[in-house]
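First up is the structure itself, then whatever we jot down about it.
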Amino acid sequence: MEEREISQAVIRRLPRYYRYLGELLEHGVERISSNDLSKRMKVTASQIRQDLNNFGGFGQQGYGYNVKYLYTEIGKILGLDNQHNMVIIGAGNLGQALANYAAFEKRGFVLKGLFDVNPRLVGITIRGVEIRMMDELSDFIQKNDIEIGVLAIPKTRAIDVANVLVDNGVRAIWNFAHTDLNLPDNIIVENVHLSESLMRLSYNITRYNMEHTDNS
Ligand code: NAI
């Protein structure tokens, strides 16, 4: 496949294509036209064609898309055909909830370790993964080929811990702490802020209410 720069907007849409195609596969659908995919996903057919053309198209005139093939290829583009080992730092409410979510593994994200500073958590296991103390972290990362560090700790601790992760070879941070990390450019950071998503929801509720308020 030809290597070229893909816009972040397209990359943001790919997981959604992947999810829809996965659902189609589960329902035994073998092929789909861009028009049908467009109706299901509420994205214009031309947007779909344009997006997928970035990767060589995948479609055939008059046939549509082969669902399995497209699903597999998008999975490869997203790197889901590789295993990504990860550790979660912070085994509180959020860290344990993430650790309990088995579906990440299906996508190749394998939880290898859970770390915390609270000694009361020592020995507890979540889905077979033991909670360890932070003094074991550096050694653990190096021995277990850890690629991703998940930060589920208070924001005041996040920068220090992120630096420890990076110093020991972690390549990417999935950051739930509400702070910017400012790490070296070669470290990939994906910030997740559920409250920002809620604020967008709030904005849309507010706008809807304004548009539907009877002013007469
Ligand atoms: P929590 O208090 O239940 O868990 C935090 C855990 O981090 C505790 O077990 C604590 O012992 C541990 N911890 C504290 N300092 C540490 C350190 N230096 N190294 C390792 N572990 C340490 O809190 P909760 O609800 O799990 O939230 C965790 C963080 O995630 C908070 O910063 C919260 O604001 C944030 N959060 C972010 C969300 C988002 O959408 N980005 C959603 C929910 C929480």
Side-chain angles (χ1 to χ4, degrees), residues 8-9 11-19 22 78-80 84-208:
Q8 285 297 319
I11 292 164
R12 269 197 298 278
R13 285 193 288 271
L14 284 185
R16 200 158 162 255
Y17 288 122
Y18 189 76
R19 183 161 54 82
L78 291 170
L80 304 178
H84 303 281
N85 292 340
M86 59 186 196
V87 288
I88 296 177
I89 315 297
N93 291 309
L94 179 62
Q96 293 201 22
L98 292 170
N100 267 312
Y101 189 56
F104 293 142
E105 241 133 69
K106 282 197 242 150
R107 304 268 181 265
F109 300 96
V110 178
L111 179 63
K112 292 281 182 178
L114 255 172
F115 290 83
D116 205 288
V117 285
N118 182 351
R120 278 192 295 192
L121 297 173
V122 171
I124 296 176
T125 57
I126 312 279
R127 286 197 314 112
V129 179
E130 191 186 327
I131 300 177
R132 295 182 158 83
M133 292 295 95
M134 289 297 277
D135 55 357
E136 294 181 51
L137 181 65
S138 301
D139 200 37
F140 188 93
I141 292 173
Q142 291 171 28
K143 288 195 175 133
N144 289 278
D145 193 21
I146 302 299
E147 186 182 28
I148 303 173
V150 183
L151 290 182
I153 51 176
K155 66 177 179 183
T156 50
R157 313 302 317 147
I159 292 171
D160 288 350
V161 171
N163 283 319
V164 174
L165 292 169
V166 169
D167 288 348
N168 285 285
V170 163
R171 299 271 304 110
I173 308 276
W174 200 24
N175 177 34
F176 287 83
H178 293 126
T179 190
D180 294 329
L181 298 172
N182 296 320
L183 293 166
D185 286 347
N186 63 332
I187 305 301
I188 297 141
V189 179
E190 178 71 27
N191 297 305
V192 184
H193 298 311
L194 298 181
S195 50
E196 288 179 10
S197 175
L198 260 185
M199 283 186 243
R200 282 193 291 276
L201 185 69
S202 162
Y203 167 79
N204 285 318
I205 293 170
T206 310
R207 200 179 58 171
Y208 180 92

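What you see below is based on every heavy atom in this structure, not just the backbone, and it leaves out hydrogens, waters and symmetry mates. Note that ligands are numbered from 1 as they come in the structure, with each ligand's atoms numbered from 1 the same way. Numbering of residues begins at 1 and proceeds along the displayed sequence.
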Judged by heavy atoms only, the candidate from Asn93, Asn175, Leu137 nearest atom 1 (P) of ligand 1 is Asn93
Determine, considering heavy atoms only, which of Leu198, Asn191, Asp116 sits nearest to atom 12 (C) of ligand 1.
-> Asp116
Is the shortest side-chain heavy-atom distance between [X] and [Y] below 4.5 Å?
X: Asn100; Y: Arg127; result: yes
X: Ile146; Y: Asn168; result: no
X: Leu151; Y: Val161; result: yes

Quick check: [X] and ligand 1, any N/O pair under 3.5 Å apart?
X: Ala91; result: no
X: Phe115; result: no
X: Leu194; result: yes
X: Met134; result: no

Ligand-side contact atoms (ligand 1) for residue partner [X], heavy atom cut-off under 4.0 Å:
X: Ile89; answer: 20 (C)
X: Ala152; answer: 5 (C), 7 (O), 28 (C), 29 (C)
X: Arg157; answer: 15 (N), 18 (N)
X: Asn118; answer: 11 (O)
X: Val192; answer: 39 (C), 40 (O), 41 (N)
X: His178; answer: 34 (O), 37 (C), 38 (C), 39 (C), 41 (N)

Return yes if some donor-acceptor pair links the side-chain N/O of Asp116 with the main-chain N/O of Asn118 below 3.5 Å, else return no.
-> yes
Taking Thr206 for the side chain and Ser202 for the main chain, is one N or O donor matched with an acceptor at less than 3.5 Å?
-> yes
Measure the spacing between [atom1] of [X] and [atom2] of [Y] and express it to the nearest 0.5 Å.
X: Ile131; Y: Leu114; atom1: CD1; atom2: CG; value: 5.5 Å
X: Ile153; Y: Phe176; atom1: CD1; atom2: CZ; value: 12.5 Å
X: Ile141; Y: Asn85; atom1: CD1; atom2: CG; value: 11.5 Å
X: Gln142; Y: Asp167; atom1: CD; atom2: CG; value: 10.0 Å
X: Arg107; Y: Leu78; atom1: CZ; atom2: CG; value: 9.5 Å

Return the closest protein heavy atom for [atom] as residue, atom name and distance.
atom: atom 31 (C) of ligand 1; result: Ile153 O, 3.7 Å
atom: atom 17 (C) of ligand 1; result: Val117 CG1, 3.7 Å
atom: atom 44 (C) of ligand 1; result: Leu94 CD2, 3.8 Å
atom: atom 14 (C) of ligand 1; result: Pro154 CD, 3.5 Å
atom: atom 4 (O) of ligand 1; result: Gly92 CA, 3.2 Å
atom: atom 35 (C) of ligand 1; result: Phe176 O, 3.7 Å

Does the protein put a heavy atom less than 4.0 Å from [atom]?
atom: atom 33 (C) of ligand 1; answer: no
atom: atom 26 (O) of ligand 1; answer: yes
atom: atom 23 (O) of ligand 1; answer: no

Electrostatic pair Lys112:Glu147 at N-O distance under 4.0 angstrom = no
Is the gap between the ring centers of Phe104 and Trp174 under 6.0 Å?
-> yes
Quick one: list whatever passes salt bridge (Lys or Arg N to Asp or Glu O under 4.0 Å) with Lys143, sequence neighbours left out.
-> Asp139
